[in-house]
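Each remark here refers to the structure printed beneath this line.
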Amino acid sequence: MLNTTKTIKTAGFMIIATLLSKVAGMGRDVLFASIYGTGGEAAAFLTASRIPLLFFDITLGSAIASSFIPVFNEYLENNDRKAAVSYANSFITVILLLTAFLCTAGLLFARPLAGWIGSGLPASQKELAAQLVVILFPTMIFTALAYALTGILQSLGEFNVPAAISLVSNVLMMVYLFFVRDRLGIHGVAVAMLISWGFQVLVQLPSLRKKKFSYRPMLHIKSSGMKKTLALALPILISSWVQPINSTVNIYLASFLNEGQAVAALDYANKLYIIFVGVITYAVSNLIFPSLSRLAAANQKEELAQVVIRAVKIVLAVMLPIMALFLLLRVPIVRFVYERGEFGADSTALTASALLFYSLGMVGYAATEILNKAFYALKDGKTPMYVAMGGIGLNILLSFLFVRGLHSGLWGLALAASIAANLIGLALLLKLNKTLHMITLHDGINLLKLLVSALLMGVCVYAAAHCFTFADNFAGKLLMLFVPAIIGLLVYCLVLFVLRTDEAKLLTSLAKQKERGQN
């Protein structure tokens, strides 16, 4: 069983590190938006940057860490560190060979890839996207290696450095955009992004040395560990295709909308959405995954079920108020974050429209991340795979139905993605509950209390947003966003304690433990 106090302290640091990273990422996007807006260069760059990410997500993606960590932890659970290190070295070698091959293939087919994904863009923007793809494709190698090293460090008990690697790359990009701006053109931005991704690998090397891990090239494909990894990897990989395929379909359809401006608007909205969903979700899922893997290896399913349901409840308790804020304050959020320079009122309206419907899928997306990790720990990659395949099909069907059939415009793409995300999360929850029997009547009542708390919060946020008016300047935008948000969050926390939710009881218990410790 996880030590609650220690776990919360570790999770707290990870959340802070992740939050700082996301804030830096937001700063990067704000600077980029202020320089390039939703114009042609922005559409070309965002289309180009999506292509190597799509290649990575479809061919390797989360399967790197999710198939590696359970096997690596099985070796550690059996006190066979030598075999664990040998397995890790073989795994890294395979990753490097695969990404080098994929990178070469991507460079050879850069122009047709950019032309297909950005089908609706003007010819000049397609050509620019193809040029940028050539610069950005090697980020695949850095991304894959960073994922693998993160899996090793987390399994060896080091969570802080992996949580901070994105902060380094995002700060580097912020520095570049702030000082250089567009003086080296959009190609310079692509080169800076490539270099910043390389630093995600470099910052992990000192921690690996402290853990007495060093890489030595070896290739034991026929080892038991590699066989287990390959058996896990394919279903895990397919189950992770939901987000990249949905994003790619969205870019394709969006390239025909609003003269291509919808591509950038969707990307800006999606990044805001992912920033706030990811802060708590990724921190919690990455924290519990090694422990889940060890509990599964020891066949301690009752303890595993308790860890999973506790994680799901914590994530839901955080996501519900954030979702309420995004739904009700979407325009103030976009205005505060992006509206400056080339990003004007029209860009705000377009981005806020997408953000509204993306927000409806926050809970499903967050729960899916936790539940997938539970299945992977149990070495069941097929269930998430089948559910993900159904979600992908549903999203594609709804996207074309809304945009091409019902002529919904931009919002239809975001709504399709949210419907698919929520149904995927629900299906995984029901399926895992059949295996672990982790949901009780008490949990259902607690969820109802959370919903009531979020609903009352939403009413207060809506009332506050319409009661206060502020000047149309930076301070006014800040107050228009934070005054209703703070009022709403205070109401949410108050109702949690009045209704005596599990989350309120946990906070009270921790406060008492801390007080006793000080005395």
Could you grab the distance from atom [atom1] of [X] to atom [atom2] of [Y], nearest 0.5 Å is fine?
X	Y	atom1	atom2	result
Asn270	Leu413	CG	CG	11.5 Å
Trp197	Ser166	CH2	OG	6.0 Å
Leu177	Ile35	CG	CD1	5.0 Å
Met173	Phe32	CE	CZ	8.5 Å
Leu219	Leu97	CG	CG	6.5 Å

Step-by-step side-chain contact (heavy atoms from CB on, under 4.5 Å) determination, Tyr338 to Asp29: CA-CA 8 Å; Tyr338 290 123; Asp29 295 338; 4.0 Å; yes
Is any side-chain heavy atom of [X] closer than 4.5 Å to a side-chain heavy atom of [Y]?
X	Y	result
Ser49	Leu132	no
Asp182	Tyr36	yes
Val334	Leu355	yes

Arg216 vs Ser214, side chain to side chain donor-acceptor pair (under 3.5 Å): CA-CA, chis, key distance, verdict: CA-CA 7 Å; Arg216 290 182 176 83; Ser214 59; 3.0 Å; yes
From CA spacing to verdict: side-chain contact (heavy atoms from CB on, under 4.5 Å), Met174, Asn170: CA-CA 6 Å; Met174 282 183 65; Asn170 287 335; 5.6 Å; no
Test side-chain contact (heavy atoms from CB on, under 4.5 Å) applied to Leu156 and Phe72, step by step: CA-CA 10 Å; Leu156 295 175; Phe72 189 71; 4.2 Å; yes
Those residues that, when tested against Lys126, pass side-chain hydrogen bond (donor to acceptor under 3.5 Å, both in side chains) (two or more places apart): none
All side-chain hydrogen bond (donor to acceptor under 3.5 Å, both in side chains) counterparts of Thr348, not counting sequence neighbours: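 Per chain and number, Thr348 pairs via side-chain hydrogen bond (donor to acceptor under 3.5 Å, both in side chains) with Glu339.
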Donor-acceptor contact present, side-chain Thr99 to main-chain Ile141, <3.5 Å: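 Judged by distance alone, no pair lies under 3.5 Å.
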Heavy-atom donor-acceptor pair, Lys431 side chain to Thr383 backbone, under 3.5 Å: no
Atom of Phe45, atom of Met193 and distance for their closest heavy-atom approach: CZ-CE, 3.9 Å
For the student: nearest non-hydrogen atoms of Ala84 and Tyr75, plus distance: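 The pair with the smallest heavy-atom distance is CB-CB, 3.6 Å.
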Side chain to side chain donor-acceptor pair (under 3.5 Å) evaluation trace for Thr93 with Tyr215: CA-CA 9 Å; Thr93 301; Tyr215 170 67; 2.7 Å; yes
Qualifying salt bridge (Lys or Arg N to Asp or Glu O under 4.0 Å) pairs with a residue from residues 106-121, counting only residues at least two apart or across chains: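 Pairs touching residues 106-121 that pass the test: Arg111-Glu127.
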Polar contact flag, side-chain donor to acceptor under 3.5 angstrom, Tyr87-Ser224: no
Working for side-chain contact (heavy atoms from CB on, under 4.5 Å), residues Ile51 and Phe137: CA-CA 8 Å; Ile51 293 172; Phe137 238 109; 3.9 Å; yes
Criterion side-chain contact (heavy atoms from CB on, under 4.5 Å) against Gln204, the qualifying member of Thr150, Val168, Ile152, Leu145: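 For Gln204, the side-chain contact (heavy atoms from CB on, under 4.5 Å) test succeeds with only one of Thr150, Val168, Ile152, Leu145, which is Thr150.
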